[in-house]
Engineer: 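Below you will find the structure I want to go over with you.
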Amino acid sequence: MFAIQEVIHKYGDKTVLQAPNWSAAQGEQWLLLGNSGSGKTTLLHILGGLLRPTSGQVQMAGQSLQTLQGSQLDKFRAKNIGLVFQKPHLIQTLTVLDNLLLAQYLAGVKQSKARCMDVLEQLGMQTHKKSYPNKLSQGEMQRVSVARAVLNAPKVLLADEPTASLDDHNTVQVINLLKQQAQAVNATLVIATHDQRVKTEISQVYEL
Ligand SMILES: Nc1ncnc2c1ncn2[C@@H]1O[C@H](COP(=O)(O)OP(=O)(O)OP(=O)(O)O)[C@@H](O)[C@H]1O
């Protein structure tokens, strides 16, 4: 589902990422591990098309990311890649449901309240559809960001330290939801973490 070759990223003349070759098939679940500063976030941003590597190749869902520009790249990302960050980054002035409807609009897919409610239900968040993000707990917000990431049935689901601000109970829940949701849409899942609580949950490991 994706493959990288000889990916290097530099800021100025400082090399911050040197990633060995990696390929992940559809539906596989991976942990991305490495010490602090080893470039995990940088690599996830490159895989998500948020950052262009200084050199190297990235094939994502059958497409070479280098060939996509501007709005084409935005649309490709919205349709094919689900992103979950350490902090949920929901739009505070929109309700939970409207945050999801916006994600469909940005991906250029048909807006469907039924699909949004279906995903919210799977994540146990249906009763919060009219809530604004600032009325939710951290765990609830992270569940909404998982809902937003899987809404358009992405081919690849990328999560960057998704449990960093969660307690043990919510950590287990969010990791299980990510795994279940990735499985439900047959997405390839990558979780970058140094959270010991997550390491036992997924067996395939790519280490920087
Ligand atoms: N915009 C930037 N300009 C310059 N250097 C940067 C920039 N962004 C990141 N870096 C540097 O790149 C290196 C890799 O950062 P990155 O955030 O990818 O690491 P990480 O493995 O995710 O770290 P952590 O686990 O601490 O989040 C770090 O040394 C960081 O200081």
Side-chain angles (χ1 to χ4, degrees), residues 1-24 28-61 64-66 68-70 73-74 76-78 80-90 138-139 141-146 148-150 154-168 170-179 181-182 187-208:
M1 191 41 58
F2 69 79
I4 61 170
Q5 284 121 25
E6 314 291 338
V7 166
I8 290 174
H9 196 70
K10 294 182 182 188
Y11 286 108
D13 55 9
K14 186 180 166 209
T15 300
V16 298
L17 172 70
Q18 249 181 318
N21 293 355
W22 179 20
S23 62
E28 286 185 351
Q29 303 195 337
W30 286 82
L31 280 184
L32 169 56
L33 301 180
N35 293 332
S36 179
S38 60
K40 298 181 296 296
T41 297
T42 306
L43 180 54
L44 277 192
H45 286 184
I46 288 170
L47 286 172
L50 298 168
L51 184 68
R52 281 192 196 278
T54 308
S55 63
Q57 306 293 319
V58 183
Q59 294 285 331
M60 175 62 65
S64 165
L65 284 187
Q66 289 92 316
L68 296 173
Q69 310 276 351
L73 178 59
D74 291 340
F76 176 85
R77 182 189 311 114
N80 293 289
I81 302 172
L83 292 161
V84 178
F85 300 101
Q86 181 175 340
K87 297 234 167 90
H89 295 297
L90 299 170
Q138 284 294 319
M141 276 195 255
Q142 201 55 306
R143 275 193 263 167
V144 176
S145 70
V146 172
R148 182 181 55 187
V150 299
K155 304 245 170 41
V156 177
L157 186 54
L158 305 172
D160 191 5
E161 299 277 3
T163 58
S165 48
L166 301 181
D167 62 19
D168 290 352
N170 276 301
T171 290
V172 172
Q173 278 209 337
V174 165
I175 294 301
N176 283 338
L177 290 172
L178 276 168
K179 288 170 66 176
Q181 290 295 315
T188 306
L189 173 66
V190 177
I191 302 178
T193 192
H194 36 214
D195 190 336
Q196 290 296 339
R197 299 170 298 183
V198 177
K199 287 184 182 170
T200 52
E201 300 292 327
I202 291 179
S203 57
Q204 295 198 89
V205 172
Y206 177 86
E207 191 142 11
L208 284 175

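Every value quoted in this text rests on a predicted model; they were computed, and no experiment measured them. One-based numbering, in listed order, for ligands and for the atoms of each.
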Engineer: Is there side-chain contact between Ile81 and Phe2, with heavy atoms separated by less than 4.5 Å?
Structural biologist: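 No; the side chains remain at least 4.5 Å from each other.
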
Engineer: Below 4.5 Å, heavy atoms only, C-beta onward: do Leu43 and Ile4 meet side chain to side chain?
Structural biologist: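 In contact.
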
Engineer: I'd like to know whether ligand 1 has Gly39 as a neighbour, heavy-atom separation below 4.0 Å.
Structural biologist: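 Within the 4.0 Å threshold, so yes.
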
Engineer: Measure across Gln29 and Lys179 and return the closest heavy-atom pair with its distance rounded to 0.1 Å.
Structural biologist: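 Closest pair (atom of Gln29, atom of Lys179, distance): NE2-O, 3.3 Å.
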
Engineer: Identify which of Gln86, Lys40, Lys10 has a heavy atom lying nearest to atom 21 (O) of ligand 1.
Structural biologist: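 It is Lys40 whose heavy atom sits nearest to atom 21 (O) of ligand 1.
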
Engineer: Counting heavy atoms only, which part of Asn35 comes closer than 4.0 Å to ligand 1: side chain, backbone, both or neither?
Structural biologist: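 Within the 4.0 Å criterion, Asn35 contacts ligand 1 through backbone atoms alone.
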
Engineer: How far apart are the C-alpha atoms of Met60 and Val156, what are their side-chain angles, what is the distance that settles it, and do they pass the side chain to side chain contact (heavy atoms under 4.5 Å, CB included) test?
Structural biologist: CA-CA 8 Å; Met60 175 62 65; Val156 177; 3.5 Å; yes

Engineer: Should we count NZ of Lys199 as having more than 12 external heavy atoms under 6.0 Å?
Structural biologist: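 Buried by this count: over 12 neighbours within 6.0 Å.
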
Engineer: Just to confirm my output: which protein heavy-atom neighbour is closest to atom 26 (O) of ligand 1, and how far is it?
Structural biologist: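 Nearest neighbour among protein heavy atoms for atom 26 (O) of ligand 1, to 0.1 Å: Ser36 OG, 2.6 Å.
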
Engineer: For atom 18 (O) of ligand 1, state which one of Ile46, Leu44, Thr42 supplies the nearest heavy atom.
Structural biologist: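 Checking each option, the heavy atom nearest atom 18 (O) of ligand 1 is found in Thr42.
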
Engineer: With Pro53 as reference, evaluate Thr42, Ile8, Ile46 under the side chain to side chain contact (heavy atoms under 4.5 Å, CB included) test and give the passing residue.
Structural biologist: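 Going through Thr42, Ile8, Ile46 one by one, the side chain to side chain contact (heavy atoms under 4.5 Å, CB included) with Pro53 is satisfied by Ile46 alone.
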
Engineer: Atom 13 (C) of ligand 1: which protein heavy atom is closest, and how many Å away?
Structural biologist: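 Sorting protein heavy atoms by distance from atom 13 (C) of ligand 1 puts Val16 CB, 3.6 Å first.
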
Engineer: Less than 4.0 Å between atom 7 (C) of ligand 1 and some protein heavy atom, yes or no?
Structural biologist: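 Yes.
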
Engineer: Tell me the protein heavy atom at minimum distance from atom 10 (N) of ligand 1, and give that distance in Å.
Structural biologist: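 Atom 10 (N) of ligand 1 sits closest to the protein heavy atom Tyr11 CE1, 3.7 Å.
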
Engineer: If you look at every heavy atom in Pro162 and Ala192, which pair is closest and at what distance?
Structural biologist: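 Between these two residues, the closest heavy atoms are CD-O, 3.9 Å.
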
Engineer: So which heavy atom on Pro88 is nearest to which on Arg148, and how close?
Structural biologist: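 Closest pair (atom of Pro88, atom of Arg148, distance): O-NH2, 2.9 Å.
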
Engineer: Just need the protein heavy atom nearest to atom 27 (O) of ligand 1, so name the residue and atom and give the distance.
Structural biologist: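 Here the closest protein heavy atom is Thr41 OG1, 4.1 Å.
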
Engineer: Return the residue, atom name and 0.1 Å-rounded distance of the protein heavy atom closest to atom 14 (C) of ligand 1.
Structural biologist: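 Atom 14 (C) of ligand 1 sits closest to the protein heavy atom Gly37 O, 3.5 Å.
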
Engineer: For atom 31 (O) of ligand 1, which protein heavy atom lies nearest, and how many Å away is it?
Structural biologist: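 In this structure, atom 31 (O) of ligand 1 has Lys14 NZ, 4.2 Å as its nearest protein heavy atom.
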
